[in-house]
Amino acid sequence: MRSSRSDLLEVYELLLRSYGEQNWWPVDEEYHREHGTDPREEIVIGAVLTQNTSWRNVKKAIENLKREGALSFEGVLNTPLDKLEELIRPSGYYRQKARRLKVVSEKLSPVSKVESIGREELLSIEGIGRETADVILLYAGGRPYFVIDAYTKRIVERIFGVRGSYEELRSWFEGNLPKDVELYKEFHALLDEHAKRFCRKDPLCEGCPLTQVCIQPSR
DNA sequence: CCCCAGGCCGCGC
DNA sequence: GCGCGGCATGGG
């Protein structure tokens with residue numbers, strides 16, 4: 001495999017230069033200041049809500065939770081299940097997700113657990129798979145786990161010819177990048193942005209900022 | 001009408 | 001370990 005540490009870092013630099021800082025994970029800091037809630041709980045809740053769902057729809061659900069004072073573990077646990085389902089309905093799979101929000105809120109309380117919980121233990125919680133676990137560890141826990149998603153897989157397969165299982169890709173990224181939490185956060189966000197702008201299912205190779213490092217530009 | 005979106009789970013093989 | 005169907009709303 002030709003792709004090396006420097007190639008991967010170059011991709012990061014190119015994306016950062018093209019799109020600027022993404023500042024993921026988006027959280028309403030002011031809301032949490034005013035309500036005395038922990039913004040890390042919004043990250044966990046958002047991570048569950050966004051499973052196979054557009055962020056646009058998730059935002060509607062989050063707004064509903066805010067309006068009802070339920071954008072926290074305590075808020076989720078104090079909201080009756082049928083009410084919770086109603087609030088998060090715009091995010092899809094709302095019956096599944098309402099139950100999972102209850103389970104996750106209970107198992108991750110207090111939210112400081114995100115600093116110490118083991119990845120395997122996180123994965124044993126209903127509703128938390130590999131990607132959601134790594135989102136929680138990285139964005140809520142500030143721990144160096146690289147998040148892989150469908151976009152990430154598509155991009156590295158196209159530009160480097162690299163493919164593999166979730167765990168294989170995660171260790172590929174982590175092995176080819178310095179262990180830097182802020183880098184991991186920003187890089188993942190940039191990859192998602194790039195997948196939406198250029199590296200779509202039907203790629204728009206014209207004007208792509210990664211043409212110079214891609215093994216198969218303009219198909 | 002179609003397809004997709006910041007996946008996960010349970011099942012069969 | 002891998003592939004599949006079910007889960008559901010809202011946009012393009």
Side-chain angles (χ1 to χ4, degrees), chain A residues 12 15 19-28 39-65 71 76 81-108 114 119-141 145-158 163-171 173 181 183-204:
Chain A
Y12 172 71
L15 292 176
Y19 304 138
E21 303 238 358
Q22 303 296 301
N23 295 313
W24 270 21
W25 193 279
V27 165
D28 188 343
R40 294 176 296 181
E41 296 179 2
E42 179 176 352
I43 296 175
V44 173
I45 291 167
V48 171
L49 293 180
T50 199
Q51 288 167 359
N52 200 38
T53 301
S54 65
W55 187 251
R56 173 190 300 275
N57 284 6
V58 174
K59 281 196 286 190
K60 295 178 182 178
I62 288 180
E63 284 307 311
N64 291 341
L65 292 172
L71 190 59
V76 164
L81 186 60
D82 56 345
K83 175 71 172 176
L84 188 59
E85 290 178 350
E86 205 52 40
L87 296 177
I88 68 169
R89 194 158 70 175
S91 72
Y93 309 116
Y94 60 92
R95 281 187 284 259
Q96 266 190 8
K97 286 176 179 176
R99 278 188 291 102
R100 290 175 180 176
L101 283 180
K102 293 263 189 194
V103 173
V104 170
S105 295
E106 189 170 332
K107 302 251 182 185
L108 284 184
V114 298
R119 188 169 185 268
E120 288 308 315
E121 191 180 346
L122 252 186
L123 287 172
S124 73
I125 299 173
E126 180 194 347
I128 299 184
R130 299 177 212 282
E131 182 180 341
T132 305
D134 292 333
V135 164
I136 291 170
L137 291 167
L138 180 62
Y139 291 101
Y145 291 84
F146 200 91
V147 178
I148 305 298
D149 62 9
Y151 293 151
T152 306
K153 289 183 182 173
R154 189 162 75 208
I155 293 174
V156 297
E157 178 167 351
R158 281 184 183 157
R163 70 185 76 201
S165 67
Y166 186 99
E167 299 300 343
E168 287 168 339
L169 287 178
R170 185 169 68 83
S171 52
F173 271 94
V181 167
L183 170 66
Y184 285 12
K185 287 182 179 178
E186 196 54 39
F187 202 172
H188 173 68
L190 286 166
L191 287 168
D192 275 37
E193 184 63 20
H194 182 60
K196 290 172 185 166
R197 295 210 204 181
F198 289 100
C199 214
R200 306 176 177 179
K201 197 160 195 175
D202 290 316
L204 299 176

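Predicted, not measured: the structure shown is a model, and the values here were computed from it. Chain letters run A, B, ... following the sequence lines, proteins first, then strands; residues in each count from 1. Worth knowing before you read on, the calculation uses all heavy atoms, side chains too, and leaves out hydrogens, waters and symmetry mates.
In this structure, A:Tyr19 and A:Phe198 have parallel ring planes: the angle between them is below the 30° cut-off, well short of the 60° mark.
Residue A:Ile125 is in sugar-phosphate contact alone, with no base atom involved, counting any heavy-atom pair closer than 4.0 Å across all strands shown.
Using a 4.0 Å cut-off, some side-chain N or O of A:Lys60 falls inside it from OP1 or OP2 of C:dG11. The phosphate of B:dA5 has neither OP1 nor OP2 within less than 4.0 Å of any side-chain N or O from A:Thr50.
Evaluated for a ring-ring contact (aromatic ring centres under 6.0 Å, His included) with A:Tyr184, the options A:Tyr145, A:Tyr139, A:Phe146 yield exactly one hit, A:Phe146.
For the P atoms, the distance linking B:dG10 with C:dA8 amounts to 14 Å, nearest Å.
Map A:Asn57 and A:Arg130 each onto its nearest nucleotide of DNA chain C; the residue landing nearer the 5' end is A:Arg130. Across the interface with DNA chain B, nearest-nucleotide mapping of A:Arg100 and A:Trp55 shows A:Trp55 to be the residue nearer the 5′ end.
Non-hydrogen atoms lying under 4.0 Å from DNA chain C are contributed by A:Arg89, A:Pro90, A:Gly92, A:Tyr93, A:Tyr94, A:Arg95, A:Gln96, all within residues 89-98 of chain A.
With distances taken from any side-chain atom of A:Thr53 to the nucleotides C:dG10, C:dA8, B:dG7, the minimum falls on C:dA8.
Shown here are the side chain to side chain donor-acceptor pair (under 3.5 Å) partners of A:Thr132, two or more places apart in sequence or in another chain: A:Gln51.
Ion pairing of A:Lys83 with A:Glu86 is absent here, as no side-chain N (NZ or NE/NH1/NH2) approaches a carboxylate O to less than 4.0 Å. Salt bridge annotation for A:Glu167-A:Arg170: present, with a cationic side-chain nitrogen under 4.0 angstrom from a carboxylate oxygen.
Applying the salt bridge (Lys or Arg N to Asp or Glu O under 4.0 Å) rule to pairs touching residues 90-106 of chain A yields A:Arg99-A:Glu126, sequence neighbours excluded.
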